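Note sheet for the following structure.
Residue numbers begin at 1 in each chain, while the letters A, B, ... track the order of the sequences. Remember, it's a predicted structure, so these values are computed and weren't measured experimentally.
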Amino acid sequence: MSEQETTAPSNFIRQIIDADLKAGKNAGRVHTRFPPEPNGYLHIGHAKSICLNFGIARDYAGGKCNLRFDDTNPHKENVEYVESIQQDVQWLGFDWEERLFYASNYFERLYEFALELIRDGKAYVCDLDAEQTREYRGTLTEPGRESPYRNRSVEENLELLQRMRAGEFEDGAKVLRAKIDMAAPNMNMRDPTLYRIRHGVIHHQTGSEWCLYPMYDFTHPISDAIEGITHSICTLEFEDHRPLYDWVLDNISIDCHPQQIEFSRLNLQYTVMSKRKLTQLVDEGLVNGWDDPRMPTIAGLRRRGYTPGSIRTFSDRIGVTKADNSVEMGMLEACIREDLDKNAPRAMAVLNPLKLVLENFPEGQVEELQALNHPKDESMGSRTLKFTREIYIDRADFREEANKKYKRMITGGEVRLRNSYVIKCERVIKDDSGEIIELRCSYDPDTLGANPVGRKVRGVIHWVSATEGVKAEVRLYDRLFSHPTPDADKEVESFIDHLNPDSLSTAAECVVEPSIATAEPGSQFQFEREGYFCVDSRESSQERLVFNRTVSLRDSWAKIEGKGK
RNA sequence: UGGGGCGUCGCCAAGCGGUAAGGCACAGGGUUUUGAUCCCUGCAUACCCAGGUUCGAAUCCUGGCGCCCCAGCCA
């Protein structure tokens, strides 16, 4: 993959696999799986899991990783999600080869295993409704009570389950439960539900074939075993479920028993990572869809301009442990800057234009200048810049007066135009309200590719020809939330209260150099001295160029200036 | 007064009884036609706390403390 990834990731899960291999377990096989439920788009936390699971398959000899949709709850799932998930995994650079599966592929076999449990007296049909079931379950500190239906005969249970499948009972009228231990200190072992009835939902894979749907705790271990998974990696909240995972496999006739291993999920500061909350942001229109560039979804990051390699690097750097974590945004940003610094061609764009007239440059003349596309990679070639009498510079690059620390243009001062000449500011023109509307300058024709003799020019600013430049809209993004852990703040009613009102600002009147006017959607640039930008893949067009700022350049000037205040 | 986890630098994270890796961030300095990049330098006598074992403990033992997860017919 990317040359960026140099250090081989090592973590406790790989150590377990190493030890298993050494002990001769699983006949030397290493087989993982990534098992998303298609009930939303994948986010950066899933990327961590994808990189972990597919990364293991990639790094171990003969290793494999399946993509399996955990599609046991048709109520929340749909094909848009199954398609987006496949696209995102592929985009991240991973390949499940011919191993694309659905838990629903196994519905018939799952049902057979359920019959086996019943025959063995290890499962029963229960008529308690949801509320009663909750009451019977007990609490964290008190044991539960056994259901009055717990001791139905095998024959009756068999018949009832068949009738449940045949659609004879309404939703919620009956469930199939495992017969384990209502006094177990682990709540998951208090006769967990294995099947529930769901009429009238069209399952995205099985249509209306079933009205009986298996629960995760029953489906997951069996699906893993059917696929010959050796290491079933999941997040920490399933640690309590492991005894049930093992119970299921120990009590049916199946010759494979994968090892479940749990790691802690990713928490990224200033965003939220639960599918429920992300769905809420989308549904309530608080963002512009799942691929809104402010979203921590893979689709959002992609549209924002994050590269697959940068996300893989990030996943490697944050590591895999069982400790709760809260990763700073700076970590993610460092990864994309590193990638783009190396790979993005440079260009110039003026986000907040201020007109500047070079009084000693001939009117109507266009001088062509050559500029390197990358300051230290000549293989990226060069491009032609159009230099004219009227140009734009950024308003932030001019001050009427400033101290020595300010290295940009000031009245009467000189500055280097990037890839061009040294100019001097002669006059400032203001409108009636006192706002600066134009700078009158002169250029020094002897300074192209050469420093002026006898004086030093400290600053370099970027520019775009006013007559040859192309208009563009640039979208500047900031963190989606203004609180580092928006969903952990109990002082506030909802995480929504912490949405950052300034997470999107639009610079509608930007001017970019003509060389990028026809750039393909998604193509990326460093706008020098500004940051990394990409052509928006959704809304940019030849008529109206739209760029997204992926991330700004590191800005030590902002720090210096900030300190002075 | 239930069960399961976790506690090493601001953040992430190595460490697996032999005397605290690395990355991000931060702070200095150098190079630079991007205040970018790049390059140096610095940044835990200290590993949640308290005892104990040991020649030696972040690593082992005991007892505390703190944080996270679990009472869906969600995953």
Original post:
Just checking A/T72: base, sugar-phosphate only, or nothing, at a heavy-atom cut-off of under 4.0 Å?
Top reply: sugar-phosphate
**OP:** Using the C1' atoms only, state how far B/rC9 lies from B/rA46, rounded to an integer number of Å.
**Re:** 9 Å
**OP:** Pick the C1' atom in B/rG22 and in B/rA57, then give their distance to the nearest Å.
**Re:** 23 Å
Original post:
Quantified in whole Å, what is the P atom distance between nucleotide B/rU59 and nucleotide B/rG51?
Top reply: 14 Å
Original post:
Would a line drawn from the ring center of A/F238 to the ring center of A/Y245 be shorter than 6.0 Å?
Top reply: no
Subject >> Rounded distance (nearest 0.5 Å) linking atom OG1 of A/T219 with atom CG of A/N73 >> reply: 10.5 Å
Original post:
Taking atom P in both B/rC61 and B/rA20, what distance in whole Å separates the two?
Top reply: 23 Å
**OP:** Assess the side chains of A/Q526 and A/E528: does a donor N or O sit below 3.5 Å from an acceptor N or O?
**Re:** no
Original post:
Who are the ring-ring contact (aromatic ring centres under 6.0 Å, His included) partners of A/Y136, not counting sequence neighbours?
Top reply: none
**OP:** Measure from NZ or CZ of A/R418 to the centre of the six-membered ring of A/W463, then state whether that distance is under 6.0 Å and the direction lies within 45° of the axis.
**Re:** no
**OP:** Give one of base, sugar-phosphate or nothing for A/D171, where a contact means two heavy atoms less than 4.0 Å apart.
**Re:** nothing
**OP:** Answer with base, sugar-phosphate or nothing: what part of the nucleic acid does A/H241 contact at a heavy-atom distance below 4.0 Å?
**Re:** base
Original post:
Contact class for A/N325 (heavy atom, under 4.0 Å): base, sugar-phosphate, or nothing?
Top reply: sugar-phosphate
Original post:
Touch check for A/R177, heavy atoms < 4.0 angstrom, all strands: base, sugar-phosphate only, or nothing?
Top reply: nothing
Original post:
Is there a Watson-Crick or G-U wobble partner for B/rC38 with both distances under 3.5 Å, and which nucleotide is it?
Top reply: B/rG30
**OP:** Pull up the glycosidic torsion of B/rG72 and say syn or anti, syn being anything within 90° of 0.
**Re:** syn
Subject >> Gap in Å between the two P atoms, one belonging to B/rC73 and one to B/rC49, rounded >> reply: 42 Å
**OP:** Please find out if less than 6.0 Å separates the ring center of A/Y195 from that of A/F218.
**Re:** yes
Original post:
Within the side chain of A/N352, is there an N or O that forms a donor-acceptor pair under 3.5 Å with the backbone of A/D394?
Top reply: no
**OP:** Could you work out the separation of B/rG64 and B/rC12 based on their P atoms and round it to a whole Å?
**Re:** 28 Å
**OP:** Could you measure between the two C1' atoms, the one in B/rG35 and the one in B/rA21, and give it in whole Å?
**Re:** 33 Å
**OP:** Pick the C1' atom in B/rC68 and in B/rC48, then give their distance to the nearest Å.
**Re:** 15 Å
Original post:
If you walk 5' to 3' along RNA chain B, what is the first nucleotide with an atom under 4.0 Å of a heavy atom in chain A, and what is the last?
Top reply: B/rG2 to B/rA75
